[in-house]
Amino acid sequence: PDTYRSRKHLREIIAEFERKTGAGLAITRLDASEHPEMVFAVGRTASLFHQKELVVIECLSDAGEREQDYVKSKLAFWSDAKDLTIVLWEGVLDLKDPLRKLIEKHATKTQEFKMLSSSALARWIAAEASERKVRLAPSELELLARRSDGDLFLVANELDKIAAGAKLDPIVE
């Protein structure tokens, strides 16, 4: 459910693949909920210019049954492929979802990003502020954590505003 941290991690995976392979053109991202037909092209042709290929399929659970069945039928093959890396990104998949169980069966690695507890949220905000070179007083950190209710996109936007010179309004709740 913590899509901010999971998307950030996805960007890191893509950047690392590009760094290791130098294959920026061998990276394909598709949102199966917006363009379900693109799922059928995944892994069909090898790149002429790069030995390795990374494909990120987002929101497969929101695509149709045909698209999900296609991916399900290819998972075993893709997991054995040496030149193809598939990343399946989902916002939330129920523990009992058959798609989730099949992905976990064939995946080299899975990672779940749960919502942060209040103490972990405060540590995350402090670390994110430090990374962005934003100084927060303890009261500002507490206010931001309370106001955000765990929404890290909101926190990131507020930190961007503060970095640009804005101040946190202590009155508005």
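For the side chain to side chain contact (heavy atoms under 4.5 Å, CB included) test, residues two or more places apart in sequence or in another chain that qualify with Q68 are L60, K72, L99. For E67, there are no salt bridge (Lys or Arg N to Asp or Glu O under 4.0 Å) partners at least two apart in sequence or on another chain.
In terms of heavy atoms, H106 sits closest to S79 at O-CB, 3.3 Å. Between A163 and V134 the shortest heavy-atom distance is CB-CG2, 3.7 Å. For the pair L93 and S61, the tightest heavy-atom approach, listed with the atom from each and the gap, is CD2-CB, 3.7 Å. When all heavy atoms are compared, the tightest approach of A32 to C59 is CB-O, 3.9 Å. The minimum heavy-atom distance between Y70 and F40, with the atom names listed, is OH-O, 3.3 Å.
In this structure the side chain of I57 reaches within 4.5 angstrom of the side chain of V55, judged on heavy atoms. Here the side chains of L10 and E58 are in contact, with some heavy-atom distance below 4.5 Å.
Between the OG atom of S148 and the CG atom of L143 there is a distance of 9.5 Å, given to the nearest 0.5 Å. Interatomic distance, L141 CG to R146 CZ, rounded to the nearest 0.5 Å: 11.0 Å. Put simply, CD1 on I27 and NZ on K52 are 13.5 Å apart, with the number rounded to the nearest 0.5 Å. Rounded to the nearest 0.5 angstrom, I162 CD1 and L136 CG are separated by 5.0 Å. To the nearest 0.5 angstrom, R123 atom CZ is 8.5 Å from L116 atom CG. Annotation: the span from W78 atom CH2 to I86 atom CD1 amounts to 5.0 Å, rounded to 0.5 Å.
With E104 contributing its side chain and K101 its backbone, the two residues share no donor-acceptor pair below 3.5 Å. No donor-acceptor pair under 3.5 Å is formed between the side chain of R29 and the backbone N or O of V56.
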Exercise for the section: Determine, stepwise, if the pair W89 / T3 fulfils side-chain contact (heavy atoms from CB on, under 4.5 Å). Expected result: CA-CA 10 Å; W89 183 93; T3 57; 3.9 Å; yes
Practice task
Walk me through it: do D31 and D62 pass the test side-chain contact (heavy atoms from CB on, under 4.5 Å)?
Solution key: CA-CA 9 Å; D31 187 328; D62 294 335; over 6 Å; no
Exercise for the section: Give the intermediate values and the outcome of side-chain contact (heavy atoms from CB on, under 4.5 Å) for residues V42 and V71. Expected result: CA-CA 9 Å; V42 174; V71 171; over 6 Å; no
Handout entry: side-chain contact (heavy atoms from CB on, under 4.5 Å) between V39 and E37, intermediate numbers included
Key = CA-CA 5 Å; V39 169; E37 71 284 354; over 6 Å; no
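With respect to D2 and R5, a salt bridge is recorded, a charged nitrogen being found less than 4.0 Å from a carboxylate O. Between R19 and E16 there is a salt bridge, since a side-chain N of the basic residue sits under 4.0 Å from a carboxylate O of the acidic one. We find that R7 and E12 are not joined by a salt bridge, their nearest charged nitrogen and carboxylate oxygen being 4.0 Å or further apart. For the pair K8 and E128, the salt-bridge criterion is met [side-chain N within less than 4.0 Å of a carboxylate O].
Under the 4.5 Å side-chain heavy-atom criterion for ILVMFWY residues, no single connected hydrophobic cluster contains both L88 and V92.
Partner of E158 under the side chain to side chain contact (heavy atoms under 4.5 Å, CB included) criterion, out of V155, L154, D160: L154 alone.
The 12-atom threshold is exceeded at CZ of R132, counting heavy atoms of other residues, nucleotides or ligands nearer than 6.0 Å. More than 12 heavy atoms of other shown residues, nucleotides or ligands fall within 6.0 angstrom of atom CD in Q111. Dense packing is recorded around CG of D94, with more than 12 heavy atoms of other residues, nucleotides or ligands lying under 6.0 Å away. Residue-environment remark: CZ (F77) stays at or below the threshold of 12 foreign heavy atoms within 6.0 Å.
Below 30°, between 30° and 60°, or above 60°: for H9 and F113 the angle between ring planes is between 30° and 60°, a tilted geometry.
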